[in-house]
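Below: one structure, written as structure tokens.
All values derive from a computational prediction rather than experimental measurement. So you know, we letter chains A, B, ... as the sequences are listed, proteins then strands, and number each from 1.
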2 protein chains.
Amino acid sequence: MTASRIRESALRMFAEHGYEGASLAIIASEVGIKKQSIYTHFSGKDELFQEVFLETVNKQIRFLHDYFSNKQKQDVESLLYGFLKGFFVRYEEDEGAKFFLRSIFFPPAHMKDMTGEQGNQFVHGLEDILVPIMEEAKNSGVLEGSLSSRAAAIAYTAVLDAIWVELLYAGPERGMERLKAAWLVYWRGVGANRK
Amino acid sequence: MTASRIRESALRMFAEHGYEGASLAIIASEVGIKKQSIYTHFSGKDELFQEVFLETVNKQIRFLHDYFSNKQKQDVESLLYGFLKGFFVRYEEDEGAKFFLRSIFFPPAHMKDMTGEQGNQFVHGLEDILVPIMEEAKNSGVLEGSLSSRAAAIAYTAVLDAIWVELLYAGPERGMERLKAAWLVYWRGVGANRK
DNA sequence: ATTATCCTGACGAACGTTCGGAAGGGGTGG
DNA sequence: CCACCCCTTCCGAACGTTCGTCAGGATAAT
């Protein structure tokens with residue numbers, strides 16, 4: 001299918017050069033067609049970007065829910081740590097990660113509203129999943145009782161963001177280093193008071 | 001001075017629309033001149049970008065060293081927490097923050113080498129400052145002894161990155177929320193074993 | 001015959017850049 | 001004081017290139 005090959009190439013191009021820097025001519029040549037032929041499958045550059053973006057966001061959200069609905073029975077530690085590692089391996093091999101981050105943090109000016117909405121949906125989806133988990137962990141005595149569930153969840157998303165930022169900036173090697181260090185400190189930090 | 005007004009406008013433009021998305025014509029019109037006049041002060045778009053970028057990076061590095069050389073006498077907790085807050089207020093009002101992050105994470109393709117080099121210089125500069133601080137804090141019993149200084153430093157940079165990422169994405173309100181939560185957990189996490 | 005797909009050709013607009021010259025100020029020599 | 005030249009700053013006009021996009025036709029499959 002030509003349309004999906006266009007989407008694949010566009011994803012790489014948008015990720016690497018951004019919306020303004022990506023050229024339909026180059027995308028087309030990667031697919032082996034002329035740029036005008038893109039208009040057979042998409043109404044224009046905007047629609048192409050939007051389709052690729054929404055597809056990518058949905059993939060992220062789906063991964064989110066899949067993970068936490070399947071592994072709810074695990075203990076909290078491996079549940080949370082496993083999610084970090086899951087994102088790690090996912091973002092290591094997935095071309096969409098860079099595109100996702102770039103589009104959310106630095107969207108094309110005339111699409112800021114749309115990307116912002118989708119981004120918030122992802123963030124809130126994650127928080128809505130995390131807070132109950134923290135709450136439950138507090139009740140079972142794994143997490144420090146004086147710590148608010150919301151704070152524990154926010155700090156966790158901070159760890160998550162820090163990891164993919166490092167992954168994006170410095171690559172898997174240093175990303176893994178940060179993953180280990182940040183998780184170690186985080187888990188010590190939220191753990192119930194030792195005696 | 002016209003040249004510096006061009007730099008100011010270019011900074012905002014590059015931050016908001018990226019290298020490819022920024023237009024010399026628009027930058028010039030903001031200054032009140034025609035785009036050709038830019039070439040009186042800069043040899044081209046590349047040099048303009050590079051000057052603004054280097055200026056911005058140097059400002060960041062200078063802030064880094066200024067802070068830690070002036071406040072070395074403080075206790076470790078307020079030293080480290082103060083630096084986070086310093087970055088916070090700095091990045092809240094500084095137009096250069098967005099430009100700095102954007103240029104380092106998503107640089108124009110033909111300048112990847114230069115921006116990467118500068119970025120690494122900043123990161124290593126920070127680490128070289130942090131590790132000795134952690135080492136000293138460990139010796140004085142403030143930090144958990146079984147924790148490596150390097151891990152404590154890496155986790156700290158993770159907190160820092162997470163804060164400015166949230167600041168950039170969601171604004172000061174949520175940025176501050178994350179700052180508080182992440183610091184709370186971090187400081188609990190690296191603290192010496194309570195009894 | 002209809003439909004899907006890709007093409008050639010061309011469009012106007014914007015891009016960064018170059019050239020030549022117009023204005024203006026400052027300093028120097030007559 | 002004036003005339004000269006230099007030097008800085010800016011602009012009009014134009015360059016070649018690339019951009020996204022549109023119209024119309026060719027080809028092949030259904």
Side-chain angles (χ1 to χ4, degrees), chain A residues 1-56 98-99 102-103 106-115, chain B residues 1-56 98-99 102-103 106-115:
Chain A
M1 193 55 105
T2 310
S4 66
R5 295 183 56 219
I6 294 176
R7 271 188 291 262
E8 286 172 24
S9 175
L11 176 76
R12 279 200 310 278
M13 239 42 199
F14 285 141
E16 193 65 27
H17 302 98
Y19 178 86
E20 289 91 356
S23 147
L24 292 186
I26 296 182
I27 292 174
S29 86
E30 271 199 13
V31 178
I33 59 175
K34 301 292 169 185
K35 62 174 176 174
Q36 302 92 317
S37 303
I38 293 180
Y39 287 77
T40 302
H41 309 278
F42 305 93
S43 75
K45 197 182 188 181
D46 282 10
E47 185 181 289
L48 175 57
F49 177 86
Q50 181 156 331
E51 272 197 26
V52 174
F53 176 74
L54 289 180
E55 194 178 83
T56 303
K98 198 172 187 177
F99 171 71
R102 180 168 204 155
S103 304
F106 307 106
H110 64 288
M111 291 183 155
K112 214 170 181 172
D113 292 352
M114 179 235 145
T115 58
Chain B
M1 193 58 104
T2 310
S4 66
R5 295 184 55 219
I6 295 176
R7 271 190 290 264
E8 287 171 23
S9 175
L11 175 75
R12 279 200 310 278
M13 239 42 198
F14 285 141
E16 193 65 26
H17 302 99
Y19 178 86
E20 290 91 355
S23 147
L24 293 187
I26 295 181
I27 292 174
S29 85
E30 271 199 13
V31 179
I33 58 175
K34 300 292 169 185
K35 61 175 176 174
Q36 305 93 306
S37 305
I38 293 180
Y39 289 78
T40 302
H41 309 278
F42 305 93
S43 76
K45 196 182 188 182
D46 281 11
E47 185 181 288
L48 176 57
F49 177 87
Q50 181 156 330
E51 272 196 27
V52 174
F53 176 74
L54 289 180
E55 195 178 84
T56 303
K98 197 172 186 177
F99 172 71
R102 180 168 204 156
S103 304
F106 307 106
H110 65 287
M111 291 182 155
K112 214 170 181 172
D113 292 352
M114 179 236 145
T115 58

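- Relative orientation of the Phe14(B) and Tyr19(B) rings is parallel, given thresholds of 30° and 60° on the angle between their planes.
- For the pair Gln36(A) CD and dA10(C) P, the computed distance is 12 Å after rounding to whole Å.
- Rounded to an integer number of Å, the gap from CZ of Arg5(A) to P of dT5(C) is 14 Å.
- Salt bridge Glu30(A)/Arg5(A): absent, no basic N to carboxylate O contact under 4.0 Å.
- For dC6(C), neither phosphate oxygen OP1 nor OP2 lies less than 4.0 angstrom from any side-chain nitrogen or oxygen of Lys34(A).
- Between the side chain of Arg7(A) and the backbone N or O of Val52(A) there is no donor-acceptor pair closer than 3.5 Å.
- The phosphate of dC6(C) (OP1 or OP2) has no side-chain N or O of Thr40(A) nearer than 4.0 angstrom.
- Regarding Phe42(B), its CZ atom lies at a distance of 13 Å from the P atom of dT17(C), rounded to whole Å.
- A donor-acceptor contact shorter than 3.5 Å is absent between the side chain of Ser9(A) and the backbone of Ile6(A).
- Spacing between atom OH of Tyr39(A) and atom P of dT5(C) amounts to 18 Å, rounded to whole angstrom units.
- With DNA chain D read from its 5' end, the first of the two nearest nucleotides for Glu20(A) and Met1(B) is the one closest to Met1(B).
- Atom CD1 in Ile27(B) sits about 10 Å away from atom P in dC15(C), given to the nearest Å.
- When each of Ile6(B) and Ala25(A) is assigned the nucleotide of DNA chain D bearing its nearest heavy atom, the one mapping closer to the 5' terminus is Ile6(B).
- Using a 4.0 Å heavy-atom distance criterion, Ala3(A) is classed as making no nucleic acid contact.
- Note: CG (Leu24(A)) to P (dC22(D)) measures 12 Å, nearest angstrom.
- The separation between Ile26(B) atom CD1 and dA14(C) atom C1' is 10 Å, rounded to whole Å.
- Of the candidates dT21(D), dC10(D), dC15(C), dC10(D) carries the atom nearest the Ile33(B) side chain, counting heavy atoms from C-beta on.
- Of the candidates dC19(D), dC10(D), dT17(C), dC10(D) carries the atom nearest the Thr2(B) side chain, counting heavy atoms from C-beta on.
- Judged by closest nucleotide on DNA chain C, His41(A) is the one of His41(A) and Lys35(A) placed further toward the 5' end.
- Ser37(B) has no side-chain polar atom (N or O) that falls below the 4.0 Å cut-off from OP1 or OP2 of dT9(D).
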Test side chain to side chain contact (heavy atoms under 4.5 Å, CB included) on Leu24(B) and Leu48(B) and set out the steps. CA-CA 10 Å; Leu24(B) 293 187; Leu48(B) 176 57; 4.2 Å; yes
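- When the C1' atom of dT5(C) is taken as reference, atom CD1 of Ile38(A) falls 14 Å away, rounded to whole Å.
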